[in-house]
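All values reported here derive from a predicted model rather than from experimental measurement.
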Amino acid sequence: MSRTPNYEFQEWWNKQREKNNNLDPPDDHHHLLHHHKHDHSHSAPTPSFTRSRNARQLSWVCLLKFQQLAASLGWLSNGLFHLFRTANRRIADSASFRGDSSRLYRAIRVFLAVVIVLLGFELVAYFKGWHFSPPDPTDVLGMLGVVYAKWLDVRAAYLSPPLQSLANLCTVLFIVQSVDRIILILGCFWIKFRRLKPLASVDYDSASVEDFPMVLVQIPMCNEREVYQQSIGAVCIMDWPKEKMLVQVLDDSDEVDIQQLIKAEVLKWQQRGVRIIYRHRLIRTGYKAGNLKSAMGCDYVKDYEFVAIFDADFQPTPDFLKKTVPYFKGKDDLALVQARWAFVNKDENLLTRLQNINLSFHFEVEQQVNGIFLNFFGFNGTAGVWRIKALEESGGWLERTTVEDMDIAVRAHLCGWKFIFLNDVKCLCELPETYEAYKKQQHRWHSGPMQLFRLCFLDILRSKVSWVKKVNLIFLFFLLRKLILPFYSFTLFCIILPLTMFLPEAELPAWVVCYIPGIMSILSVLPAPRSFPFIVPYLLFENTMSVTKFNAMISGLLRFGSSYEWVVTKKLGRSSETDLVAFEKEAEPLMRSNSLHRSSSDSGIEELSKLELSKKIGKTKRNRLFRKELYLAFILLTASVRSLLSAQGIHFYFLLFQGISFLVVGLDLIGEQVS
């Protein structure tokens, strides 16, 4: 934050300068100069007078600069004070330092103990001069010298070679994944250059009501206290003939007050003439997949041709169906039309800005390129329209994984169905604003694909699709982007790089540590050009998130219990207040056209008003500490000290800033501060 300019001092200084220019100096030396000036009126001013005036101006400039420096130092010290006070409060709060019994956490803790011992050993060797000239075993040495000489032999002969082999393997995987990303970027540029995009064969704006197909709209939700109103309202005002659309609110909430609120909201829209029903399962099995499977089992579903799915925090535009459903006309092999996500809170904090970079690349590059050139991509679980026949022929919703959207997409692809991605059709939604919510979301998104890969690997091999599609599914879709990416990013930058500081016989070149990651970060930011100032935080944060993604990937691959956990991503309903006003305005014509009785309408609103107070009652949210990230921060900072002893410039700075990044995330200082 820039300091407010000191206009009062500036005005006073300008007056003093004018006074010096207009008035003669009062001292005797300047008085003599004054007479000398009259005698030589045509001569230039004396150098002594000029130097005296410039010296006074320089003193005031120095004073001004000193004042600015003092204010900047004060601002910095105040910020650091608040930062350390917040960190100290969270460390002192025993409730936030929850236990972690995962295998990865225990391994990281052992790793930290090892690097601390190694750093102590290297510091002793450094101060004894052995760091630059190792002790000669033939000389008379003490016990410590003999141990250090033996350690040098062991690390050179037994420890460094396997570490170097692992580093080379991860480097190759890094290069392969980077080439894949470059190819995707080139494909995206080709799409822009050739202006390739799907074409719809019908326009429903000028069609009669009989030409509109029957569309079922589903809103699965679970304890969505903050966003249920805006999601239901946005769907109910969509521009589609009411007799051709049915809305299913699929409520899996286990809190009675939330169930009552959602029922009242559904009743309100029913009284406005919208065909909307409320469904609640008594036995909540299979999470979202079980919820959707139960809804598709209703008898009336057979009357509908398409089903549109929106998660509880999504707000489709009124013309969403008119922009997506026309693409099905004349394409009997088309199963899915997927729209792009747009975010109402992408500029809320640093965490949401970094998420926006990731998801912008996912939609603009990955989804669009795969949709244009392969007619296949992973269904995003929401903001999409499915042909119900394709769902049924592909086996319907299955409860075997936590990524039911990817599961149905893979099975539909193996059955020969095609997908379309619409990059210019956007659906508003909300990004998680706390690191805890984002971490749980990422754990589910990276453990689920590995569950699915184990289950469908043989099905892919046995399927009748072409070998090109099989290679794309196995190598690119699953292995390279879901397994290899989290594996090498965590192993290379959080394990191998710190170890190479203590085992210098194995090394990572600077282009692996700095240059290639920097280029890849620039390419990743291209779809979101406004995010270019956040390139460095994005690179550091992606490496920081690698521990969560690696842990999730291993859990899903080896079927650990945590891989089947489903935690609903918490939303804050940032745009709910303004959106509800718009929904009310849009709904007024509905109320007038259907000639509703005021008494029945008031009864629904009255019921909603009675429950409105309970919306504000919720669990107290707290920031917490994340132990894996904290321990990795200490590992990287310890390795940076060892790198400093070796005078390794790029490696030192990378380890230092990456360690600080892990420390900030471990102390939960990124994202929304809630306690």
Side-chain angles (χ1 to χ4, degrees), residues 187-188 190-218 235 238-247 296 300-310 316-340 363 366-397 405 408-427 463-466 468-469 472:
C188 185
W190 182 255
I191 291 172
K192 299 293 184 184
F193 176 72
R194 296 298 300 270
R195 298 182 180 179
L196 303 177
K197 60 184 299 185
L199 297 176
S201 57
V202 65
D203 185 4
Y204 284 117
D205 285 332
S206 57
S208 61
V209 175
E210 291 75 17
D211 295 331
F212 284 78
M214 299 288 286
V215 178
L216 180 68
V217 182
Q218 295 177 333
V235 167
M238 283 200 296
D239 186 12
W240 198 259
K242 300 307 174 184
E243 61 271 23
K244 295 286 187 175
M245 182 179 74
L246 174 66
V247 180
M296 294 300 293
Y300 53 79
V301 172
K302 65 180 183 295
D303 298 328
Y304 294 84
E305 187 176 357
F306 305 107
V307 55
I309 303 173
F310 302 99
T317 57
D319 59 352
F320 181 88
L321 292 179
K322 286 188 174 181
K323 287 183 176 180
T324 53
V325 176
Y327 289 89
F328 288 98
K329 188 72 172 179
K331 301 182 181 69
D332 295 335
D333 58 349
L334 182 61
L336 168 67
V337 174
Q338 172 73 61
R340 180 175 177 166
F363 287 107
E366 292 179 343
Q367 298 291 77
Q368 185 172 210
V369 170
N370 290 326
I372 291 292
F373 295 106
L374 299 175
N375 295 122
F376 167 73
F377 47 82
F379 175 45
N380 294 118
T382 178
V385 181
W386 276 89
R387 189 189 298 273
I388 294 180
K389 180 182 177 181
L391 289 176
E392 294 172 347
E393 290 188 358
S394 304
W397 299 104
D405 45 8
I408 188 63
V410 170
R411 286 185 281 118
H413 182 56
L414 295 178
C415 291
W417 291 96
K418 295 181 179 180
F419 302 164
I420 283 180
F421 176 74
L422 302 179
N423 191 53
D424 55 348
V425 179
K426 299 180 180 180
C427 187
S463 65
K464 298 180 181 180
V465 298
S466 65
V468 175
K469 292 183 178 180
N472 173 67

Should Met238 and Val217 be marked as a side chain to side chain contact (heavy atoms under 4.5 Å, CB included) after you check the CA-CA gap, both sets of side-chain angles, and the distance that decides it?
CA-CA 10 Å; Met238 283 200 296; Val217 182; 4.0 Å; yes
Does some side-chain heavy atom of [Y] sit less than 4.5 Å from a side-chain heavy atom of [X]?
{"X": "Leu196", "Y": "Trp190", "value": "yes"}
{"X": "Leu336", "Y": "Phe377", "value": "yes"}
{"X": "Pro241", "Y": "Tyr204", "value": "no"}
{"X": "Lys322", "Y": "Phe212", "value": "yes"}
{"X": "Leu422", "Y": "Pro198", "value": "yes"}
{"X": "Leu321", "Y": "Phe306", "value": "no"}
{"X": "Gln367", "Y": "Arg340", "value": "no"}
{"X": "Phe328", "Y": "Val385", "value": "yes"}

Shortest non-hydrogen contact from [X] toward [Y]:
{"X": "Gly187", "Y": "Phe373", "answer": "O-CE1, 4.0 Å"}
{"X": "Phe419", "Y": "Ala409", "answer": "CZ-O, 3.5 Å"}
{"X": "Thr317", "Y": "Lys426", "answer": "CG2-O, 4.3 Å"}
{"X": "Cys188", "Y": "Val369", "answer": "N-CG2, 3.5 Å"}
{"X": "Trp397", "Y": "Ile309", "answer": "CZ2-CD1, 3.6 Å"}
{"X": "Ile388", "Y": "Tyr304", "answer": "CD1-O, 3.3 Å"}

Heavy-atom count check: over 12 atoms from other residues, nucleotides or ligands less than 6.0 Å from [X] [atom1]?
{"X": "Lys244", "atom1": "NZ", "value": "yes"}
{"X": "Lys331", "atom1": "NZ", "value": "yes"}
{"X": "Lys464", "atom1": "NZ", "value": "no"}

If you round to the nearest 0.5 Å, how far is [atom2] of [Y] from [atom1] of [X]?
{"X": "Asp333", "Y": "Trp417", "atom1": "CG", "atom2": "CH2", "result": "7.5 Å"}
{"X": "Leu391", "Y": "Arg411", "atom1": "CG", "atom2": "CZ", "result": "9.0 Å"}
{"X": "Arg195", "Y": "Phe193", "atom1": "CZ", "atom2": "CZ", "result": "9.5 Å"}
{"X": "Phe421", "Y": "Phe363", "atom1": "CZ", "atom2": "CZ", "result": "6.0 Å"}
{"X": "Trp386", "Y": "Gln338", "atom1": "CH2", "atom2": "CD", "result": "9.5 Å"}
{"X": "Lys197", "Y": "Lys192", "atom1": "NZ", "atom2": "NZ", "result": "9.5 Å"}

Taking the side chain from Glu305 and the backbone from Arg387, do they hold a donor-acceptor pair closer than 3.5 Å?
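Pair absent, no side-chain N/O of Glu305 close to backbone of Arg387.
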Does Ser394 use its side chain to pair, donor to acceptor, with the backbone of Ile408 at less than 3.5 Å?
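No, because the side chain of Ser394 does not come within donor-acceptor range (under 3.5 Å) of the backbone of Ile408.
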Derivation and outcome, side chain to side chain contact (heavy atoms under 4.5 Å, CB included), residues Met296 and Gln218
CA-CA 10 Å; Met296 294 300 293; Gln218 295 177 333; 3.3 Å; yes
